[in-house]
Amino acid sequence: PATRPVLERYGLGDCGGEEGPDEPLAWFATVHRLPLEEFLRDVREAAVKDVAAAPRAPSNTPSLFSPHFIIGSLVLTLTLGATTGMVNLIRIAAGADVPIDHRQIHGHTQVLGFVALFLMGIAYHALPRILGLGGGSPGRSVRASFWLMAVGIVLRNIGQPLGLHPVGRLLSLLSGAMELASGLLFARFVFALIKQVRAGKYDRKD
């Protein structure tokens with residue numbers, strides 16, 4: 001237990017675990033491109049300390065993975081995305097024409113509602129750990145980026161079929177603004193990590 005703060009500091013706090021592979025610690029360090037001798041020295045120093053006396057280092061690594069991006073992406077694709085796609089297929093099978101706005105909201109939901117939300121959720125969780133920056137939870141900006149994107153997608157599904165009416169155009173405009181804001185928050189998070197990369201296990205040339 002005394003080595004836990006060391007593992008978290010080097011970005012290995014979530015590696016392995018009770019369900020993880022039975023591999024030597026040096027193997028994990030090598031795969032994650034850590035400075036091996038320095039890392040093993042810190043682990044050994046922590047391991048010889050009295051566990052009861054070892055200070056519990058504050059960790060900014062969340063103990064549980066926040067699943068709202070993954071759940072949200074699945075909910076959107078299994079409701080709005082899959083439903084509009086299924087309706088479109090039924091129309092095609094019946095020989096009817098599929099309005100362009102119905103094709104657009106189907107594609108919009110699948111690309112942003114499923115793919116983008118899913119990848120954003122994985123990146124928010126994994127990218128700090130991949131870079132060896134400790135996996136700190138980015139907090140409110142992450143929740144804001146999720147809700148901006150999710151609500152924007154729902155508004156687009158409402159506004160796009162009403163595109164010939166002012167309220168539909170307004171909803172679509174608001175949808176685009178919210179999705180853009182979500183993307184900017186995500187980009188800010190990514191570039192902030194890249195600026196800190198020298199503090200982790202990579203260099204800018206990587």
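Side-chain contact check for Phe118 versus Val115: every heavy-atom pair is 4.5 Å or farther apart. Residues Leu25 and Val43 are in side-chain contact: their nearest non-hydrogen atoms beyond the backbone lie under 4.5 Å apart. Using a 4.5 Å heavy-atom cutoff, the side chains of Glu45 and Asp42 are in contact. Inter-residue side-chain proximity for Leu148 and Glu179 is flagged as unmet; no heavy-atom pair is nearer than 4.5 Å. For the pair Glu8 and Arg4, the minimum side-chain heavy-atom distance is below 4.5 Å. Phe186 places none of its side-chain heavy atoms less than 4.5 Å from the side chain of Val142. Counting heavy atoms from C-beta outward, Pro128 and Leu193 have side chains that approach closer than 4.5 Å.
Two different hydrophobic clusters hold Met86 and Leu76 under the rule that ILVMFWY side chains link at heavy-atom gaps under 4.5 Å. Linking ILVMFWY residues whenever their side-chain heavy atoms come closer than 4.5 Å, directly or via other members, leaves Leu184 and Val190 in distinct clusters. Under the 4.5 Å side-chain heavy-atom criterion for grouping Ile, Leu, Val, Met, Phe, Trp and Tyr, Val154 is not connected to Leu170 through any hydrophobic cluster. Note on Phe114 and Val75: separate hydrophobic clusters, where clusters join Ile, Leu, Val, Met, Phe, Trp and Tyr whose side-chain heavy atoms are under 4.5 Å apart, directly or indirectly. Val111 and Leu180 fall into different hydrophobic clusters, where Ile, Leu, Val, Met, Phe, Trp and Tyr residues are linked whenever their side-chain heavy atoms come under 4.5 Å apart, directly or through other members.
Contact between Ser175 and Gly152 at its shortest, heavy atoms only, is OG-O, 2.6 Å. Heavy atoms only, all atoms of each residue included: Gly159 and Ser172 are closest at C-OG, 3.5 Å. Of all non-hydrogen atoms in Leu171 and Ile158, the two that sit nearest each other are CD1-CG2, 3.7 Å. Taking every heavy atom of both residues into account, Arg188 and Ser141 meet most closely at NH2-CB, 3.7 Å.
Residue pairs meeting the ring-ring contact (aromatic ring centres under 6.0 Å, His included) criterion with at least one partner in residues 71-100, sequence neighbours excluded, are absent. Residue pairs meeting the side chain to side chain donor-acceptor pair (under 3.5 Å) criterion with at least one member in residues 109-118, sequence neighbours excluded, are Thr77-Gln110, Thr109-Asn157. Residue pairs meeting the ring-ring contact (aromatic ring centres under 6.0 Å, His included) criterion with at least one member in residues 141-163, sequence neighbours excluded, are His68-Phe146, Phe69-Phe146.
Contacts of Glu38 classified as side chain to side chain donor-acceptor pair (under 3.5 Å), with partners at least two apart in sequence or in another chain: Tyr10. A search for side chain to side chain donor-acceptor pair (under 3.5 Å) contacts involving Thr3 returns nothing, not counting sequence neighbours. With sequence neighbours excluded, the residues satisfying side-chain contact (heavy atoms from CB on, under 4.5 Å) with Leu174 are Leu155, Met178. Under the side-chain contact (heavy atoms from CB on, under 4.5 Å) criterion, Leu164 pairs with no residue at all, not counting sequence neighbours. Residues forming a side-chain contact (heavy atoms from CB on, under 4.5 Å) with Ile92 (at least two apart in sequence, or on another chain): Val98. Under the salt bridge (Lys or Arg N to Asp or Glu O under 4.0 Å) criterion, Asp101 pairs with no residue at all, not counting sequence neighbours. Scanning for side-chain contact (heavy atoms from CB on, under 4.5 Å) contacts around Ala29 gives Leu34, Leu36, Phe39, with sequence neighbours left out. When the side chain to side chain donor-acceptor pair (under 3.5 Å) test is applied to Ser182, no partner is found at least two apart in sequence or on another chain. Residues satisfying the side chain to side chain donor-acceptor pair (under 3.5 Å) criterion with Arg91, sequence neighbours excluded, are His102.
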Check the pair Arg9, Val6 against side-chain contact (heavy atoms from CB on, under 4.5 Å), reporting the backbone distance first and the verdict last.
CA-CA 5 Å; Arg9 189 169 74 245; Val6 177; 4.2 Å; yes
Verdict with supporting geometry, Leu117 and Leu112, side-chain contact (heavy atoms from CB on, under 4.5 Å):
CA-CA 6 Å; Leu117 271 185; Leu112 290 183; over 6 Å; no
Criterion side-chain contact (heavy atoms from CB on, under 4.5 Å) on Met149 and Met120, from CA distance to verdict:
CA-CA 10 Å; Met149 183 66 76; Met120 286 168 67; 4.2 Å; yes
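Residues Arg41 and Glu37 are not paired through a salt bridge, judged by the lack of any N-O separation under 4.0 Å between the basic side chain and the carboxylate.
Between the CG atom of Asn88 and the CZ atom of Arg103 there is a distance of 8.0 Å, given to the nearest 0.5 Å.
No donor-acceptor pair closer than 3.5 Å links the side chain of His106 to the backbone N or O of Thr84.
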